[in-house]
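Working notes, beginning with the structure itself.
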Amino acid sequence: MTQTYPKKRLSIIIEAPFLNRLLDLLDGLDVPGYTALPALAGRGKSRSWRRDALSSDAGRMVQVLIVLDQGKVPAVLQEIRKVLDQQIGIVTLSDVEVLRPELF
Amino acid sequence: MTQTYPKKRLSIIIEAPFLNRLLDLLDGLDVPGYTALPALAGRGKSRSWRRDALSSDAGRMVQVLIVLDQGKVPAVLQEIRKVLDQQIGIVTLSDVEVLRPELF
Amino acid sequence: MTQTYPKKRLSIIIEAPFLNRLLDLLDGLDVPGYTALPALAGRGKSRSWRRDALSSDAGRMVQVLIVLDQGKVPAVLQEIRKVLDQQIGIVTLSDVEVLRPELF
Amino acid sequence: MDWALAIQNLISPPVLFFALGLVAALARSDLSIPEAIAKALSLYLMLAIGFKGGVAASENGLTVDLLLVIGAAGLLSASIPILAFWLLRTTTRVSQIDAAAIAAHYGSISIVTFIAGTAALDAAGIAFPGIMVAAAAAMEAPAIAIALFLAHRGQAGTPQTPKAPWREVALNGSIVLLIGAFIIGMVTGQKGYSDIEPFIADPFKGVLCLFLLDMGLVAGRELRQVRKTLTPALLAFGLYMPPIAGVIGGVTGALIGLPDGGIALLAILSGSASYIAVPAAMRLALPQAKPALYLTLSLAITFPFNLTIGIPFYIALAGWLS
Amino acid sequence: MDWALAIQNLISPPVLFFALGLVAALARSDLSIPEAIAKALSLYLMLAIGFKGGVAASENGLTVDLLLVIGAAGLLSASIPILAFWLLRTTTRVSQIDAAAIAAHYGSISIVTFIAGTAALDAAGIAFPGIMVAAAAAMEAPAIAIALFLAHRGQAGTPQTPKAPWREVALNGSIVLLIGAFIIGMVTGQKGYSDIEPFIADPFKGVLCLFLLDMGLVAGRELRQVRKTLTPALLAFGLYMPPIAGVIGGVTGALIGLPDGGIALLAILSGSASYIAVPAAMRLALPQAKPALYLTLSLAITFPFNLTIGIPFYIALAGWLS
Amino acid sequence: MDWALAIQNLISPPVLFFALGLVAALARSDLSIPEAIAKALSLYLMLAIGFKGGVAASENGLTVDLLLVIGAAGLLSASIPILAFWLLRTTTRVSQIDAAAIAAHYGSISIVTFIAGTAALDAAGIAFPGIMVAAAAAMEAPAIAIALFLAHRGQAGTPQTPKAPWREVALNGSIVLLIGAFIIGMVTGQKGYSDIEPFIADPFKGVLCLFLLDMGLVAGRELRQVRKTLTPALLAFGLYMPPIAGVIGGVTGALIGLPDGGIALLAILSGSASYIAVPAAMRLALPQAKPALYLTLSLAITFPFNLTIGIPFYIALAGWLS
Ligand SMILES: Nc1ncnc2c1ncn2[C@@H]1O[C@H](COP(=O)(O)O)[C@@H](O)[C@H]1O
Ligand SMILES: Nc1ncnc2c1ncn2[C@@H]1O[C@H](COP(=O)(O)O)[C@@H](O)[C@H]1O
Ligand SMILES: Nc1ncnc2c1ncn2[C@@H]1O[C@H](COP(=O)(O)O)[C@@H](O)[C@H]1O
Ligand code: NA
Ligand code: NA
Ligand code: NA
């Protein structure tokens, strides 16, 4: 049987205009990598939006996925929290198993 | 250390022509928000599909993510189930931790 | 209350040029279905990339999601491992609950 | 049948680019047109054909009675599915619901087939009335309504039938754009036309080539799955239904006094089958029906048939009838 | 006001396609232009208008003093927000931060309104100096700077204000393309122009129609939310602010000696409000400000107003002033 | 070297838009062309250049022997990588696998460089044979095959080498479209051409400008990472390899009796390096090779070199050789 190892999966749903700043922040932290996925549509406390019905990047969301070691999570969360506190942004953390633990 | 709080992550993979109806349904339920992501390609019991090789929205899938409180899950699942039972749709529920529990 | 059943969610982040080969591989395995999602941007050990700033499919990543029964995981992981070992690819496994267990 | 016309159609750039796409997809090439581009090409064609139709209608006045044409088109769109349903139920083994879903596609129309038809008429120097665009717009809803009736007929109290997709069908983007552009063309007339001619008229045929390349790729991918999904009886249906419906459409056109080009276009509309709007509507209204059946039939069998053989046949038919 | 001009503007294809989009979105049609296509159309318009401006500037020489025009434009862009902020704070109940964010939008410009204005001038046979494109480019940063100042004025030590978005504003893609294409047009002049004329000049008006169809769809979706988000006082602001700012811009243009067409364009720029670059900048710089307010106002109220009534008014104004 | 020609090339709109993109990306502007649009632009260019080549070939007859040209092109594509591999292994410290992967890129071609070359020839009034398009299509597979051989040479039994990407290379979308459009052009000839000329010929140069803007943005982003990835020896290779390969190609063209324009284009093809098809193929076939090396070299060094200095040099070379 293939052995797997526990890691964490951090997901940040954030507004597109912030994406560059968030990625720059992550580049400065001890994060093994990340992948950003586009979103199509959404709703939150405020407006509902559709990608094809926006005049601007404002309001469009992007999901950033980070697979990382549990040990690195607190430092990363703390920095992200600083940036996101006044901004829109949904941060979730969950458990995952990976194949190659040395990557993260 | 940054405190986190347990919530649920509901994912619904659904056909694009149903998206509007699903989102209208969610808007009528006690759901704090949602984000829809586009899909590129897929296969299930029936046909395999590629986004760039479809003549129509029929067959193209979309993933809707909802982060919400455990307490709201049963009511939401029940309503979604009604709509999805005869339709294509993959519903999964998983555990996540969030930073700001009051949002959900 | 709506009953749910435990399954596994397998996520494979892989380079776009490999996607077809991966999907062909999955089609040959006992996998109930899959959905591929596009990615926008990312960084790993090597280069950082943006979808809109690539000359070629090389470097662009895609996420493939597979919801499947725990019992099918080892065989699938073993085959995927063979293909991915020399390639870029982030594989994660996590627990989910589903509504209709017979689908997976 | 005018063989010169038929051959001229077969070796015209649009048909050849369609064939290129078909061959590339059958050979499993990774050639593909991004979805956003395919959508844009289709919006462009819809805008251009609607606008040009409106300008033409504003020019000649409404050369034929608009309401008569729309009425005839709606009637065709409601009656062809009944015939198709009956043929499917008697010659194939598809279920009632699948037969109804397929029938809806054949009652409705393929706007690209229509556009390819106008291009072929242009090439053959045959004029056609601008209001045929309105006929195209009228041939969707009736087909869907009849098909839903056929699907549920005799089934006592189907539990939880999904909400009928009337809102989605009526406000379908393509139809809204087609009709909207038609009206704008009528309002602005020749002056508006000359403003945007270099955008909507000059590159039109080239854009059609690119779009048909995409349609070929899509149809070819579908065609690869034909053997898995279609029985010979179904396949035959995809080939004989278009000319039957085309003849019905052409005769109707002749009866209401359409000119040559109008008869041909009404035959083309009747003979063509939808693969954009109706599949999406069927997913909403008849989710139990199998998309593999109706998509493959309409896209991989009927569409290529019409594009290559059907169009010259319908044009020849119009010549005989008028 | 020249009523013939006003009506001619209202029934021109671009305005009618905008209206079609508006109506389709209000009726909740699923008609939509893919995001990638809308971005491409906007890049195209920016490239074309910049390039043509550059070629024109290279032709006539810099007919008016480039620096004078840019200086006046920058000044307008810095002072209009102050007026807007004061009007908002005295006539509506929006917070200081929201008022500042809205003010930034009205100090900045809508390039599509500008382009529609050039099309209307063309149709009316009124020439305009190529360097007006440079004025358009100069009217973004000052508005944002002033607005940030207004937002934080009097608030001792706001903790953790986000980094100001200067890098993002200065290197904003649209501005870079507009200025870059302007310079390329200046360098290559008439020879370069004739090389790419069939791409940037001939289809221009048609592409504008398609883009305005999209803008109509976007504005219509916004308009559906107006009752939820805007008070009557705010709605009124969206309607009276443009002509006020337009008059200020027009008078400034006359004072610095611009010709007829230049006055009209400076009035159009002053009267228009941003809905692309400034919203994104506000999300970065003033995340607490409510996007629902500034987007709805600028997109659903001011933009349609300018497109239909504003532009002919600003052109008529220029006639009176010169 | 004809300096007037060189300067004319440098200040032509396509090259200036490339420079604009390069500068914008170096300055970290957020200007970007959506991926779907960039793909569509590239499909358009491929379709147009293929079709026009086919029409030209159908006109003049096959003015030079098609098989001779294809044979020579294939031979060049197979031998240039051997030279490149040897140069890389003797002058730089890249591994055997990286050297082979880079060599594959230089044996293959950049179709945009080719297209820019045809535009420069057009501007200089030099004719070229339509079949050069076929030469372009023939210069991919041999380079990849040789490179795979070089990568594994002398390595006993590499375990688990991935399946060679022959299917992907042969059915590569760009090549299929290029060849398909060429054949369609041959079949429909001048008649088909006049049908779609307003689409494929008139806006061609303008579309090329937009595409080169995108290429500049992509190359500029790559260039920002040059210092991290390239040693001076590698950087030098990216600059001296193109003219060496270009001379080899030009001499070959002269030997097989190509006319002036044909010699120039064969030199351009030989001197150019792939950054679309070969990188994807290398990811499949040699996943251990570092993309940072081959992409940066080909895209950020060789491509700008060829576009600015290379093309006028190859054209001048053709003048000397013929
Ligand atoms: N509970 C949620 N689950 C998933 N996505 C959410 C949720 N809440 C908000 N979002 C996303 O975040 C965006 C902004 O949310 P808000 O700031 O609450 O308006 C929404 O448009 C959604 O795309
Ligand atoms: N087990 C699965 N995991 C992930 N996605 C799936 C799975 N099964 C189905 N899907 C998605 O749902 C679509 C329709 O599935 P089906 O109705 O089974 O044909 C597929 O094309 C996939 O995109
Ligand atoms: N830890 C991670 N979490 C999420 N995505 C990752 C991670 N590491 C790598 N990736 C993705 O995989 C791609 C290739 O990674 P690498 O091979 O490490 O350069 C990156 O560009 C990311 O899109
Ligand atoms: Na029909
Ligand atoms: Na303004
Ligand atoms: Na080469």
Side-chain angles (χ1 to χ4, degrees), chain C residues 11-29 31 34-64 74-92, chain F residues 21 25 30-39 42 101 105 110 112 158-163 165 167-168 171-174 214-222 224-225 228-229 274-296 298-300 303:
Chain C
S11 151
I12 307 167
I13 300 182
I14 198 183
E15 247 186 307
F18 286 105
L19 181 64
N20 280 330
R21 290 190 176 188
L22 176 64
L23 299 189
D24 285 352
L25 178 74
L26 293 177
D27 286 341
L29 299 177
V31 155
Y34 49 75
T35 301
L37 310 176
L40 263 188
R43 181 179 63 76
K45 296 173 311 302
S46 42
R47 301 152 51 80
S48 96
W49 64 275
R50 292 294 164 107
R51 185 172 64 179
D52 292 344
L54 289 174
S55 64
S56 154
D57 270 358
R60 189 164 58 81
M61 309 299 286
V62 174
Q63 183 186 27
V64 178
V76 171
L77 273 193
Q78 202 175 344
E79 286 304 312
I80 288 177
R81 168 146 229 175
K82 274 190 212 154
V83 177
L84 290 192
D85 247 11
Q86 350 177 19
Q87 251 98 88
I88 288 174
I90 308 282
V91 180
T92 63
Chain F
D30 70 349
L31 181 59
S32 73
I33 316 272
E35 181 208 13
I37 304 302
K39 278 208 175 148
S42 136
H105 288 73
S110 148
V112 183
T158 34
Q160 286 204 320
T161 314
K163 217 171 16 160
R167 141 156 240 103
E168 283 90 349
L171 294 172
N172 173 268
S174 309
D214 183 53
M215 290 302 308
L217 290 165
V218 172
R221 197 166 196 274
E222 219 60 50
R224 270 172 22 215
Q225 318 194 3
K228 268 188 282 167
T229 49
S274 170
Y275 43 78
I276 301 184
V278 177
M282 289 300 114
R283 293 303 300 141
L284 287 172
L286 297 177
Q288 320 90 306
K290 296 191 203 67
L293 294 184
Y294 51 71
L295 270 177
T296 316
S298 150
L299 200 52
F303 180 65

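Chain letters run A, B, ... following the sequence lines, proteins first and then strands; every chain starts at 1. Note that these values count all heavy atoms, side chains included, but never hydrogens, waters or copies made by symmetry.
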Which portion of [X] sits near chain C, non-hydrogen atoms under 4.5 angstrom:
| X | answer |
| --- | --- |
| F/I33 | backbone |
| F/S174 | neither |
| F/K228 | neither |
| F/I37 | neither |

State the [atom1]-[atom2] distance between [X] and [Y], to the nearest 0.5 angstrom.
| X | Y | atom1 | atom2 | answer |
| --- | --- | --- | --- | --- |
| F/E35 | C/D57 | CD | CG | 7.0 Å |
| C/S48 | F/R221 | OG | CZ | 4.5 Å |
| C/R47 | F/K290 | CZ | NZ | 13.0 Å |

Residue part contacting chain F, namely of C/R50, when any heavy atom lies under 4.5 Å
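Answer is both: backbone and side chain atoms of C/R50 are under 4.5 Å from chain F.
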What pair of heavy atoms forms the shortest contact from F/D214 to C/D52, and how long is it?
OD1-O, 4.1 Å
Where is the tightest heavy-atom contact between C/S56 and F/A280, given as atom of each residue plus distance?
OG-N, 3.9 Å
Please examine the side chains of C/R21 and F/P165, heavy atoms only from C-beta on, and report whether any two atoms are closer than 4.5 Å.
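A side-chain contact exists here, since the closest heavy-atom pair is under 4.5 Å.
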Is any side-chain heavy atom of C/E15 less than 4.5 Å from a side-chain heavy atom of F/L284?
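Contact flag for C/E15/F/L284 side chains = no.
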If you tally heavy-atom pairs under 4.5 Å against chain C, which of F/E222, F/M282, F/M215 wins?
F/E222
Taking every non-hydrogen pair under 4.5 Å, which of C/A16, C/S55, C/A53, C/P17 racks up the most with chain F?
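Highest number of heavy-atom pairs under 4.5 Å: C/S55.
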